[in-house]
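Letters A, B, ... mirror the listed sequences (proteins, then strands); counts begin at 1. All of these numbers come straight from a predicted model, not from anything done at the bench.
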Amino acid sequence: MDRSPMRLTQGFIPTLKETPNEAQIASHRLMLRAGLVRQTSAGIYAWLPLGLRVLRNIERIVRQEQDAAGAQELLMPTIQPAELWKESGRYDDYGKEMLRIVDRHDRDMLFGPTNEEMVTDIFRNSVHSYRDLPLNLYHIQWKFRDEVRPRFGVMRGREFLMKDAYSFDIDRAGAVLSYRKMMLAYMRTFQRLGLKAIPMEADTGPIGGDLSHEFIILAPTGESQVFYDAAFEDIDYGTSGAGGFSHESAEDLEKFFDKMTTVYAATDEKHDLEKWDTIAADRRREGRGIEVGHIFYFGTKYTKAMNVTVATADGKQIHPEMGSYGIGVSRLVGAVIEASHDDAGIIWPDSIAPFRAAILNLKSGDAACDALCQKLYDALGADALYDDRPDRAGVKFNDADLMGHPWQIIVGPRGAAAGKVELKRRATGERSELSPEDALAKIAETAAGRG
RNA sequence: CGGAGCGUAGCGCAGUCUGGUAGCGCAUCAGUCUGGGGGACUGGGGGUCGUGGGUUCGAAUCCCGCCGCUCCGACCA
């Protein structure tokens, strides 16, 4: 994803001093105030430049982890023919949540709420042999679900950006392996977003199947009450290190999966008081949770209904085993803010911040300030936001805090004369006076993972 | 889909009960002074009061319909 630096006098970042009255929860309020999104109708949002940068940054991490797990990206359309859904039997089952469309030739179409049918159709047209399996295909595409009651800003919109992956395997054992790979990829993805996610056993809903986990992150404004064992907090998902796991090793994946599923974690719907009581009191954790991902193993549900077969090594025809794996990319923007903000505004994790650092020119027009800011702006590159507006210092401090840049480089006339800048870390509020070079070096230390 | 509420300038609101020339704060534009946590002063611009109908000499205000948005509940990435 191309990124470019921005001068605030030229950029389109309309911040609001007051909260629009339709926004009730923190993330929604802050997304509107910081100029990330604007609502166009109930549950449908336009993404403004600042919000789009965050969305793209999250996509990038999601994509990297999907690729690392062996999934391949493609892009399927938003509009689908109704025939496929009639074949699977879901055209009637899905109900009013599915937006149905009739085109000029009177053909039944729909705006896709998910893509099992379409990907299965693509698969069956080209894959006919066990030699091509396993296969995992994913895309990051807009979905539409005509929710009865959209709310919480982008956290439950009707139109939303989702990463959805679909695995095809020759047998159940293979499908379980694919499922575990995705679970590991998900944990790493959420970790890189600065989120503490916990997989919890879940119902399969309209997708179908007999194995399913939802990934819940903790935030005070979450929709459901969740309960879990503190042991989750100590698990290391990294690729290296003693506790690390590898996508390549079935043994690793099994160990990882066991660890994820034997430690207690449940939403209020599935909460089991008997099991809960067996956990040491000091390890019981309780809080509110937001669902940011959901994975399913559903076997041959679609391959049977849609008559998909592949040849096995001994010449038989079998129905491949499938799973599907979703991450709510646009929802994550809201979820991250829910998990990371304060009274002044957003606190972006380094990995997905729209800009890594804001340069605050406290006296634009002052020769020394302007020159120093320009130098910093050139040195920082694509991730720099330069507040070169002629406004007063307080306005810039407040907007920078609101927008939540991980670093603020504050350049004032006194410091500029002495060749010093002030560096502020948004998350901690910590400030230090440094040379411009030292400030840049310190910012560079937190650049990891933005690749 | 059940229940509740709201719709007046870009944003936040008053005015509606009791009908009589549409207001406040912020933002915006011009200028002067200011200059390290949302500055001061002066002057200016911006409104089919969600929408359609009705009552009335006269409707933001009263009556009826419709639309939009939000909140609570049931449902979902």
Side-chain angles (χ1 to χ4, degrees), chain A residues 14-25 28-29 32-33 35 38-44 58 62 94-98 112-115 140-165 186 190 197 202-207 212-217 223-224 267 269 289-296 324-335 343-345 360-366 369 387 389-402 408 410-416 421-422 424 429 431 433:
Chain A
T15 58
L16 303 172
K17 206 171 190 176
E18 286 169 293
T19 306
N21 82 343
E22 73 267 17
Q24 299 299 318
I25 65 162
H28 193 195
R29 281 200 303 268
L32 291 168
R33 287 230 292 134
R38 286 294 183 265
Q39 183 170 344
T40 61
S41 50
I44 303 181
I58 293 176
V62 168
Y94 217 92
K96 287 189 166 178
E97 269 200 7
M98 187 156 77
T114 175
N115 283 61
I140 299 176
Q141 178 63 292
W142 292 93
K143 304 291 188 290
F144 194 92
R145 294 184 190 173
D146 200 358
E147 296 278 345
V148 221
R149 191 184 156 213
R151 64 186 122 166
F152 304 147
V154 300
M155 299 241 288
R156 189 180 314 163
R158 293 192 293 169
E159 187 177 78
F160 58 97
L161 188 62
M162 180 163 95
K163 185 288 299 180
D164 39 325
Y186 274 36
F190 297 130
D203 286 324
T204 54
I207 307 278
S212 176
H213 286 86
E214 50 187 282
F215 295 78
I216 302 280
I217 65 147
E223 296 187 66
S224 46
T267 61
E269 294 147 358
I290 301 168
E291 183 182 352
V292 290
H294 203 154
I295 60 179
F296 305 85
S324 74
Y325 316 89
I327 291 180
V329 176
S330 50
R331 169 180 283 189
L332 274 168
V333 179
D343 290 343
L360 275 50
N361 187 342
L362 296 194
K363 191 166 185 180
S364 65
D366 176 276
C369 286
D387 192 344
R389 296 176 298 180
D391 295 279
R392 300 172 69 87
V395 174
K396 301 187 182 194
F397 289 134
N398 282 312
D399 269 350
D401 286 348
L402 174 64
Q408 295 171 18
I410 300 159
V411 179
R414 285 196 300 272
V421 300
E422 192 176 328
K424 175 181 163 183
R431 298 150 174 269
E433 203 165 276

Looking only at side-chain N and O atoms, does Asn21(A) come under 4.0 Å of OP1 or OP2 in rC11(B)?
-> no

Using purine N1 to pyrimidine N3 plus N6-O4 or O6-N4 for Watson-Crick, or N1-O2 and O6-N3 for G-U wobble, both under 3.5 Å, which nucleotide pairs with rG2(B)?
-> rC72(B)

Base, sugar-phosphate alone, or nothing: which one does Arg158(A) contact when heavy atoms must sit under 4.0 Å apart?
-> nothing

Any donor-acceptor pair under 3.5 Å joining the side chain of Glu18(A) to the base of rG25(B)?
-> yes

With the side chain defined as heavy atoms from C-beta on, Arg431(A) is closest, among rG37(B), rG36(B), rA77(B), to rG37(B)

Between the base of rG37(B) and the side chain of Asp401(A), is there any donor-acceptor pair under 3.5 Å?
-> yes

Base-pairing mate for rG12(B) - Watson-Crick or G-U, with both contacts under 3.5 Å | rC24(B)

Please determine if a side-chain N or O atom of Gln39(A) lies less than 4.0 Å away from the OP1 or OP2 oxygen of rU70(B).
-> yes

Nearest-Å distance once atom P is located in both rG47(B) and rG10(B) | 8 Å

Residue whose nearest RNA chain B nucleotide is more 5′ - Lys363(A) or Lys396(A) = Lys363(A)

side-chain N/O Lys96(A) vs rC1(B) OP1/OP2, d < 4.0 Å = yes

Are OP1 or OP2 of rC72(B) and a side-chain N or O of Arg149(A) less than 4.0 angstrom apart?
-> yes

Aromatic contact, His213(A) with Phe215(A) (centres under 6.0 Å) | no

Whole-angstrom distance between rG7(B) and rC17(B), as gauged at atom P = 14 Å

rC76(B) base / Arg145(A) side chain donor-acceptor hit below 3.5 Å = no

Identified pairing partner of rA77(B), criterion: Watson-Crick or G-U wobble below 3.5 Å | none

Under a 3.5 Å cut-off for both distances, is rG19(B) Watson-Crick or wobble paired, and to whom?
-> none

Compare the ring of Phe160(A) with the six-membered ring in the base of rA77(B) and state whether they stack (centres under 5.5 Å, planes under 30°).
-> yes

Residue-phosphate contact under 4.0 Å: Arg392(A) side-chain N/O, rG39(B) OP1/OP2 = yes

Any idea which of rC76(B), rA74(B), rG36(B) is nearest the Pro413(A) side chain?
-> rG36(B)

For rG45(B), the Watson-Crick or wobble counterpart (both distances under 3.5 Å) | none

For rU34(B) and rG19(B), measure between their C1' atoms and round to the nearest Å.
-> 48 Å

What distance, rounded to whole Å, do you find between the two C1' atoms, one in rU56(B) and one in rG20(B)?
-> 12 Å

Checking side-chain hydrogen bond (donor to acceptor under 3.5 Å, both in side chains) for the pair Asp164(A)/Gln141(A): CA distance, chi angles, key distance, verdict?
-> CA-CA 8 Å; Asp164(A) 39 325; Gln141(A) 178 63 292; over 6 Å; no

With a 3.5 angstrom cut-off on both distances, give the Watson-Crick or G-U wobble partner of rC62(B), or none if there isn't one.
-> rG54(B)

Has the side chain of Asp366(A) got a donor or acceptor that lies under 3.5 Å from a partner of the other kind on the base of rG35(B)?
-> no

By nearest-nucleotide position on RNA chain B, the 5'-leaning member of Val154(A) and Asn398(A) is Asn398(A)

Nearest of rC76(B), rU70(B), rG12(B) to any side-chain atom of Pro20(A)?
-> rG12(B)

